[in-house]
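Below is one structure, written out as structure tokens; comments come after it.
All ligand and atom numbering here is 1-based and tracks the order in the structure. A quick note: this is a predicted structure, and the numbers were derived from the prediction, not measured. Along the sequence shown, residues carry numbers from 1.
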Amino acid sequence: MEALAYLFVYSLLLSLLRSSITLDTITPSQPIRDGDTLVSADRSFQLGFFSPASSKSRYMGIWYLVSSEIVVWVANRDTPLNDHLGVLRITYEGVLVLLNSTNSTVWSSNTSRTPEIPVAQLLDTGNLVVKDGNFDDPGNFLWQSFDHPCDTLLPEMKLGKNLVTGLERFLSSWKSIEDPAQGVFSVRIDPRGLPQFVVMEGAAIKYRVGPWNGLTFSGNPALRPNPIFNYTFVLNENEVYYENSLLNSSVFSRFVLNPSGIAERFTWIDRTHSWQRFLAGQLDQCENYGFCGAYTTCNPNNSPICACFEGFEPKSERNWNSNDWSDGCVRRTPLECNDGDGFLKWTKLKLPDTSSSWYNKTTNLKECGGLCLKNCSCTAYSNLDVRGEGSGCLLWFGSLTDIRVFSEGGQELYLKLAKSELDRIEKKKQPSKIKQASIIGSVILVTGIIILGVIAYIRKNRLHSKGMSKRIDKKDWDNEGWNEDMELPTFDLTAIANATDNFSSNNKLGEGGFGPVYKGTLDGQVIAVKRLSKNSGQGSKEFKNEVQSIARLQHRNLVKLLGCCIQEDEKMLVYEYMPNKSLDFFIFDQTKSKLLDWLTRMNIIGGIARGLLYLHEDSRLRIIHRDLKASNILLDNNMNPKISDFGLARSFGGDEVECMTNRIVGTYGYMSPEYAVHGQYSIKSDVFSFGVLVLEIVSGKKNRGFCDPDHNLNLLGHAWRLWVEDRPMGLVDESVGESISQSEVLRCIQVGLLCVQHNPEDRPNMSSVLLMLSSESLLHKPRQPGFYTDSRRTDYSSSEHATYSANEISTTSFGPR
Ligand SMILES: *[C@@H]1O[C@H](CO)[C@@H](O)[C@H](O)[C@H]1NC(C)=O
Ligand SMILES: *[C@@H]1O[C@H](CO)[C@@H](O)[C@H](O)[C@H]1NC(C)=O
Ligand SMILES: *[C@@H]1O[C@H](CO)[C@@H](O)[C@H](O)[C@H]1NC(C)=O
Ligand SMILES: *[C@@H]1O[C@H](CO)[C@@H](O)[C@H](O)[C@H]1NC(C)=O
Ligand SMILES: *[C@@H]1O[C@H](CO)[C@@H](O)[C@H](O)[C@H]1NC(C)=O
Ligand SMILES: *[C@@H]1O[C@H](CO)[C@@H](O)[C@H](O)[C@H]1NC(C)=O
Ligand SMILES: *[C@@H]1O[C@H](CO)[C@@H](O)[C@H](O)[C@H]1NC(C)=O
């Protein structure tokens with residue numbers, strides 16, 4: 001017995017002390033033990049045993065040699081080893097077997113034939129192949145890991161289905177970052193109808209990227225020719241698949257489905273030795289499969305975001321009005337199913353779900369419409385391929401679902417309607433008075449360009465009578481950065497003076513960072529005018545920046561800029577008016593905070609997150625707000641939040657993730673440590689401010705000026721302490737009342753704490769924040785927040801912070817450099 005134990009310890013020691021070896025092939029006489037590795041000829045990829053994150057289980061997998069934490073494939077994902085005694089062998093039959101310490105097979109490959117010389121090799125693409133001898137012809141492969149993907153799609157790997165053999169290659173998520181076992185999410189090409197790219201949760205579609213339209217997937221116009229990889233989609237009788245290839249094989253790029261079901265692409269940046277991330281979808285509610293129900297369009301920039309197609313009405317008026325759109329819409333007039341029907345053309349759409357569709361690559365669009373008219377259950381048609389003039393025919397049968405509207409790009413769809421309905425729509429489209437006026441206006445304008453004297457006259461008149469024009473006066477500022485189709489109305493100074501009763505103190509709404517804000521009424525529309533103080537820090541440079549940034553940004557959670565005015569030394573911005581003032585007005589007030597029940601607070605948090613995500617990632621420019629705080633969150637009639645004041649936002653180019661600034665702008669209490677102390681700002685500084693806001697919304701307390709009889713901590717410190725002491729619910733504002741959902745509250749607090757973590761890299765980005773808020777998935781444990789100590793001391797011992805005064809208002813001061 002004892003001898004056996006010694007033997008065991010001895011062999012264990014032996015295996016641990018044995019120096020590891022690096023191989024380039026596995027042969028029957030040359031297995032791979034734990035500690036040994038197999039590398040590809042170009043040294044891109046490595047195969048060996050590993051343990052993910054803090055797990056102790058051993059797996060055999062493939063990773064990048066430059067970035068060994070990124071595992072792209074796992075053999076025994078569902079059958080881990082629990083010691084370091086595993087070994088991978090190839091049998092003389094050409095089967096790879098992974099054996100545990102008692103020589104039992106825990107995983108194996110298979111093969112259809114017995115090779116003469118069985119060899120396993122890791123190719124430069126990251127593909128582990130079993131082949132006969134040393135022939136690298138893919139036809140010679142007896143087995144390959146690329147046929148059995150895990151969560152990562154590598155270049156040269158096919159995603160899709162072989163329609164002849166039935167082999168389906170799809171990605172499936174890991175259960176968690178510690179457990180590579182097959183999770184609930186998968187990415188597949190759904191072969192029903194016209195095949196489409198989908199992300200699934202179990203057996204249900206979670207997010208539909210859509211069918212291929214010749215250029216890209218219908219729901220992903222962002223997939224464009226790029227310098228990193230090219231891509232192709234193949235659809236024929238034998239197979240359907242998507243595949244991409246690297247244009248420069250010394251660059252790495254991978255597409256991965258993470259454990260929360262988000263598909264992301266990462267590209268290795270050699271210079272920074274890190275992965276740059278591109279989100280591949282799931283950015284807004286419209287991407288939740290079928291969010292708005294049948295016969296609707298989803299447009300994230302509209303409020304409400306769901307709308308019936310013209311000629312349709314909500315199936316249940318009551319549910320629809322309470323923002324439950326899942327029932328969708330129904331026809332107002334039934335189809336006649338003969339020549340009495342016609343089509344209405346829609347543009348800029350993501351095509352409806354094609355799982356019950358039919359297609360023909362050679363039928364043209366006109367014949368296509370004819371085919372659709374002939375079959376009563378056909379509801380719509382479109383081109384199959386949008387390249388050039390468009391070609392092919394795609395017909396839908398049954399109801400149309402999961403359609404969204406893009407602001408640019410998107411496709412055409414011909415929707416079948418009864419003739420009488422088409423007539424009615426036609427009649428409604430008669431140009432309205434306003435349209436006529438603007439048409440006449442623009443005719444005058446064109447003439448005006450020729451007769452300069454006239455233009456001045458018209459402009460003056462129009463601005464006086466209408467208050468607004470859809471035109472930029474380029475001569476008002478030099479036009480760098482503006483493009484021709486940008487429309488920003490300019491207002492006349494006297495019109496604004498009249499609207500605000502000559503900037504009377506009665507009309508003053510408040511004092512923002514750079515000057516007072518006035519309420520006004522212009523042509524019956526209530527507006528808010530931000531009058532920039534002449535001695536404010538905001539020079540014409542900042543002003544231009546603000547105007548340009550805001551004019552380009554349109555989102556339901558951002559305050560809308562209606563126009564601007566630059567005249568004499570006045571600079572003003574005209575915004576839509578928000579009747580409910582700002583968030584600080586509610587949450588920090590004992591009586592008013594009772595108006596904000598938990599649901600409203602959740603809605604506010606979600607809205608701010610979506611607005612910020614738009615600023616950071618969705619908008620064409622990437623904008624950092626830099627002064628996010630409760631008084632910059634305005635509330636509309638329905639208490640929907642809208643972020644205001646982008647005066648401090650700086651747009652920056654795609655690559656720059658972090659900038660140094662020599663001027664610190666922001667508000668103490670919301671500023672991240674790296675920004676306040678070192679003047680370093682990045683989107684993660686905004687995430688920090690967002691975290692502070694979340695904790696303020698949950699607690700009803702200000703971070704700055706928070707005081708607790710027990711300690712000197714600020715709100716962040718207080719929240720952290722409660723969290724560490726495992727009583728986070730102690731943070732919740734009593735005014736929230738009874739209606740709270742404990743799990744949601746806890747989730748919010750945890751997300752808030754994750755956002756205010758000291759280290760910017762630890763903070764999530766806004767897309768992860770949104771997902772964390774809306775899903776049930778497990779969250780990371782937060783680390784200690786930045787600035788968590790009392791409000792007079794910071795967790796930086798540097799003396800630099802001493803120069804900052806502790807005040808609530810926005811400050812503009814010169815930083816350390
Ligand atoms: C496992 O197989 C190897 C090689 O065939 C052999 O040397 C070893 O004794 C076996 N171990 C056990 C526990 O059966
Ligand atoms: C090896 O695998 C077999 C079969 O899965 C299992 O019964 C056995 O307990 C494993 N041995 C060890 C040491 O894990
Ligand atoms: C290999 O195994 C997979 C899964 O068990 C099976 O679907 C496939 O048909 C097998 N291939 C061969 C060539 O035996
Ligand atoms: C992608 O680029 C590679 C390398 O330049 C080329 O071999 C391949 O044919 C291209 N594929 C497509 C679909 O354009
Ligand atoms: C490929 O990328 C490497 C490293 O980024 C670069 O040095 C090389 O010039 C590139 N090759 C081509 C053909 O672009
Ligand atoms: C597709 O259309 C072409 C011509 O319009 C026709 O010849 C062909 O049979 C059609 N294919 C199918 C599968 O219906
Ligand atoms: C209409 O199309 C559906 C779906 O392709 C088909 O099942 C049905 O037979 C067609 N009806 C007629 C009248 O052609």
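- Ranking the protein heavy atoms by distance from atom 14 (O) of ligand 2 puts Asn100 ND2, 3.6 Å first.
- Atom 11 (N) of ligand 6 is flagged as protein-proximal [any protein heavy atom, distance under 4.0 Å].
- Atom 2 (O) of ligand 1 is approached by the protein to below 4.0 angstrom, counting heavy atoms only.
- Looking at Asn82 against ligand 2, only its side chain comes within 4.0 Å, counting heavy atoms.
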Legend entry - Working for side-chain contact (heavy atoms from CB on, under 4.5 Å), residues Asn375 and Leu395: CA-CA 10 Å; Asn375 186 323; Leu395 300 179; over 6 Å; no
Inset, instruction - Decide side-chain contact (heavy atoms from CB on, under 4.5 Å) for Phe406 and Lys350; before the verdict, give the C-alpha distance in whole Å, the side-chain angles of both, and the deciding distance to 0.1 Å. - result: CA-CA 7 Å; Phe406 290 113; Lys350 165 180 171 180; 3.6 Å; yes
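- Of the polar atoms of Thr102, at least one N or O is found under 3.5 Å from an N or O of ligand 2, judged by distance alone.
- The contact set between ligand 6 and Trp358, taken as ligand atoms under 4.0 Å from a residue heavy atom, comprises 14 (O).
- For atom 7 (O) of ligand 2, no protein non-hydrogen atom is found at a distance below 4.0 Å.
- Residue Thr362 approaches ligand 6 through these ligand atoms, each under 4.0 Å from one of its heavy atoms: 1 (C), 2 (O), 3 (C), 4 (C).
- A cation-pi contact, defined as under 6.0 Å to the ring centre and within 45° of the axis, is absent between Arg254 and Tyr64.
- Residue-to-ligand polar distances keep Ser101 apart from ligand 2: every N/O pair is separated by 3.5 Å or more.
- Scanning the protein for heavy atoms near atom 4 (C) of ligand 2, the closest one is Ser104 CB, 3.7 Å.
- Close approach to Thr363 involves these atoms of ligand 6, each under 4.0 Å from a residue heavy atom: 1 (C), 2 (O), 5 (O).
- By the 6.0 Å and 45° rule, Arg188 stacks over the aromatic ring of Phe170.
- Of the protein's non-hydrogen atoms, Asn360 ND2, 4.7 Å is the one closest to atom 9 (O) of ligand 6.
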